[in-house]
2 protein chains.
Amino acid sequence: MNEKLRSIQEVAQLAGTTSRALRHYDDIGLLPPAQIGSNGYRYYNQANLTRLQRILLLRQLGLGLGQIADVLDGTQDDTIALEDHAEWLRSEQARLSRQLASVERTIAALKEGTELMAEEMLDGFDHTQYQDEVEQRWGKKAYAESDSWWRGLSQSDKDEFKRQTDALMMDWVAASRSGDAVDSEMAQALATRHVDWLSIGWGGTRPTRDQLLGLGEMYVADERFAANFGGIQGATYVRDALAIHAQTMAT
Amino acid sequence: MNEKLRSIQEVAQLAGTTSRALRHYDDIGLLPPAQIGSNGYRYYNQANLTRLQRILLLRQLGLGLGQIADVLDGTQDDTIALEDHAEWLRSEQARLSRQLASVERTIAALKEGTELMAEEMLDGFDHTQYQDEVEQRWGKKAYAESDSWWRGLSQSDKDEFKRQTDALMMDWVAASRSGDAVDSEMAQALATRHVDWLSIGWGGTRPTRDQLLGLGEMYVADERFAANFGGIQGATYVRDALAIHAQTMAT
DNA sequence: CTTGACTTTGACGTTGCGTCAAGCTCTACG
DNA sequence: CGTAGAGCTTGACGCAACGTCAAAGTCAAG
């Protein structure tokens, strides 16, 4: 007695998948049907069904078809393949967690009505680990002044300030990657611009030499600041360039 | 003074992406360059850079380019888009968690050296919530016998038994979805096969009428069993067919 | 014989670019 | 001024796993 053969549609319904998927599995050689009629029709036997069952099981565990082929053909051990896969799932989970945290932070920042970068650069003072240091160096009123100044701006003023901020940051990044020395003309020009930019944010008050040095250190030490300059390396470049510039400042 | 224009390569480096990506963003209209030279070269200005910066920020939060376009063009609100995205991230996280749990259960099952289905069907007796019920109905020795029988089989015997098991399950699924009544000839033939199959697993001992009824209930009540019959509906069909069959059995 | 259900082989769409490939352009050097 | 080497352009395929038409042959029932 020869085995019972089933059409592609029957098989798809039995296994809870689609005929298209079965054709795909055939195309990639994962599940060739037991027989192919002279009309080109695919006919599947019991062994095919069993294999399909295992394919679908592994699929719903999230394995790729290539992996599944390896496992079913004995090229790779089931347990090892699944443990690798579990490891991958865990890393994906971790990645999603981080992404979700970032998104939630961003939402929170947006809801406070402050642009992310402006928030980080201006409002960041009061919730970093450097809060005490910052306060004793500039005093709480310095931040408060900056804050009230910011809130008093019109939307277009805010946009314009943000544009300036963005441009400055990007120029710093460009400079740090150009290979130019921190005491080069270009870097020092940027340092001058940076001081000007700071004084805008501080309502016209210009930073003292010590404040400038302290700011530089903070850029390097706090990754949230450093990120604006293209990471630690960029921040280091900015700090050094500002330090050079500070020497030329009037006391 | 006209703005400083940068080449595609420069922009890519500044922003930490690739020229290919920039060309792609141009292709889909997400970031057309400020100017295009007569030679076809793309030239970007500061506004382009700012927009690119925001694009990349949203990208690393995991948003799709379409969503990003909506947000940047003001078609959609930032906060709403991000909250939708956060919701999607959470659902993905949940999906991954379930998948990971499944994979880990499967690994555990494999490590015990027992095939998943055989394990569920034969070895499942001693760790279900029905353990007490099962024991008082069939006694511990019934399971023990089945277990020792199983362990005594050769690999090819095990494979053969598994093939039979698979075939029976799939036929049940097919029958339950065919719409045939539980007292139809086809369903009752399957019930007969089911009893035969059970007696193989029990080393030749045939189930009594009560045992058969009890088994049917268990198939429905325990999702691990039900899964083998295509879910609750399939298991219900099996239970009912077995109940009909039980009436025809010799006491 | 007709009709309707089922099957076949293409082939494009999805998502965000990576990766050649062929050919034009720009820049610096001798 | 010629040329090499870098940079730029527009295609076009590849990836993962099928979904979704489309055109056309096949089969079973009336």
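Note on naming: letters A, B, ... go to the chains in the order of the sequence lines (proteins, then strands), and numbering restarts at 1 for each one. Worth saying up front: this structure is predicted, and the values here are computed from it rather than measured.
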Side-chain donor/acceptor pairs under 3.5 Å, residues 21-40 of chain A, sequence neighbours excluded:
from, atom 1, to, atom 2, distance (Å)
A:R23, NH2, A:S19, OG, 3.2
A:D26, OD2, A:R42, NE, 2.8
A:N39, OD1, A:Y41, N, 2.9

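Of the possible donor and acceptor atoms, one in the side chain of A:Q188 sits under 3.5 Å from a partner among the backbone N and O of A:V182. When atom types are taken as modelled, the side chain of B:D73 and the backbone of B:D70 share no donor-acceptor pair closer than 3.5 angstrom.
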Exercise. What's the verdict on side-chain contact (heavy atoms from CB on, under 4.5 Å) for B:I244 and B:D240, showing C-alpha distance, side-chain angles and the deciding distance?
Worked result: CA-CA 6 Å; B:I244 300 285; B:D240 294 343; 5.6 Å; no
Exercise. Taking it one step at a time, do B:V71 and B:I68 satisfy side-chain contact (heavy atoms from CB on, under 4.5 Å)?
Worked result: CA-CA 5 Å; B:V71 170; B:I68 294 178; 5.7 Å; no
Protein-nucleotides 20-29 of chain C N/O pairs under 3.5 Å:
from, atom 1, to, atom 2, distance (Å)
C:dC26, OP1, B:N39, ND2, 2.9

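Residues B:Q46 and B:R6 have side chains in contact (heavy-atom distance under 4.5 Å, counting atoms from C-beta outward). Contact check for B:L242 versus B:V238: side-chain heavy atoms found under the 4.5 Å cut-off. Here the side chains of A:T236 and A:Q233 are not in contact, with every heavy-atom distance at 4.5 Å or above. Looking at heavy atoms from C-beta onward, A:Q67 lies out of side-chain contact with A:H85 at the 4.5 angstrom threshold.
Using a 4.0 Å cutoff to heavy atoms of chain A, the contacted part of DNA chain D runs 5' to 3' from D:dA17 to D:dC27.
Between A:K4 and A:E10 there is no salt bridge, since no side-chain nitrogen of the basic residue lies less than 4.0 Å from a carboxylate oxygen of the acidic one. Taking a cutoff of 4.0 Å between a charged side-chain nitrogen and a carboxylate oxygen, A:E104 and B:R90 qualify as a salt bridge.
Sorted by first and then second residue, the salt bridge (Lys or Arg N to Asp or Glu O under 4.0 Å) pairs with a member in residues 29-39 of chain A form an empty list; sequence neighbours excluded. Sorted by first and then second residue, the pairs that involve residues 75-85 of chain A and meet salt bridge (Lys or Arg N to Asp or Glu O under 4.0 Å), not counting sequence neighbours, are A:R54-A:D78, A:E83-B:K111.
With hydrogens and angles left out, the side-chain atoms of B:S102 and A:Q60 include no donor and acceptor closer than 3.5 Å. Inspection of the A:Q93 and B:S97 side chains reveals an N or O donor paired with an N or O acceptor under 3.5 Å.
Taking the salt bridge (charged side-chain N to carboxylate O under 4.0 Å, His left out) definition, one finds that A:R59 meets it with nothing, sequence neighbours left out. Judged as a salt bridge (charged side-chain N to carboxylate O under 4.0 Å, His left out), and not counting sequence neighbours, A:R98 has no contacts.
Taking the six-membered ring for Trp and the full ring otherwise, A:Y237 and A:F229 have centroids separated by 6.0 Å or more.
Atom CG in A:L82 sits 10.0 Å away from atom CG in A:L89 (nearest 0.5 Å). If you take CG on A:L61 and OG1 on B:T106, they are separated by 4.5 Å, rounding to the nearest 0.5 Å.
DNA chain C is contacted by B:R59, B:G64, B:L65 of residues 59-67 of chain B, taking any non-hydrogen atom closer than 4.0 Å. The stretch residues 70-99 of chain B has no heavy atom under 4.0 angstrom from DNA chain C at all. Proximity of residues 21-37 of chain B to DNA chain C (heavy atom under 4.0 angstrom from any strand atom) is restricted to B:A21, B:H24, B:Y25. In the region residues 5-17 of chain A, proximity to DNA chain C at under 4.0 angstrom, judged on heavy atoms, holds for A:S7, A:I8, A:Q9.
Heavy atoms of B:S19 sit nowhere under 4.0 angstrom from any nucleic acid atom.
Summary of helix geometry: the two end axes of the helix from C:dC1-D:dG30 to C:dG30-D:dC1, each defined by five base pairs via their C1' atoms, are inclined to each other by 40° (rounded to 10°).
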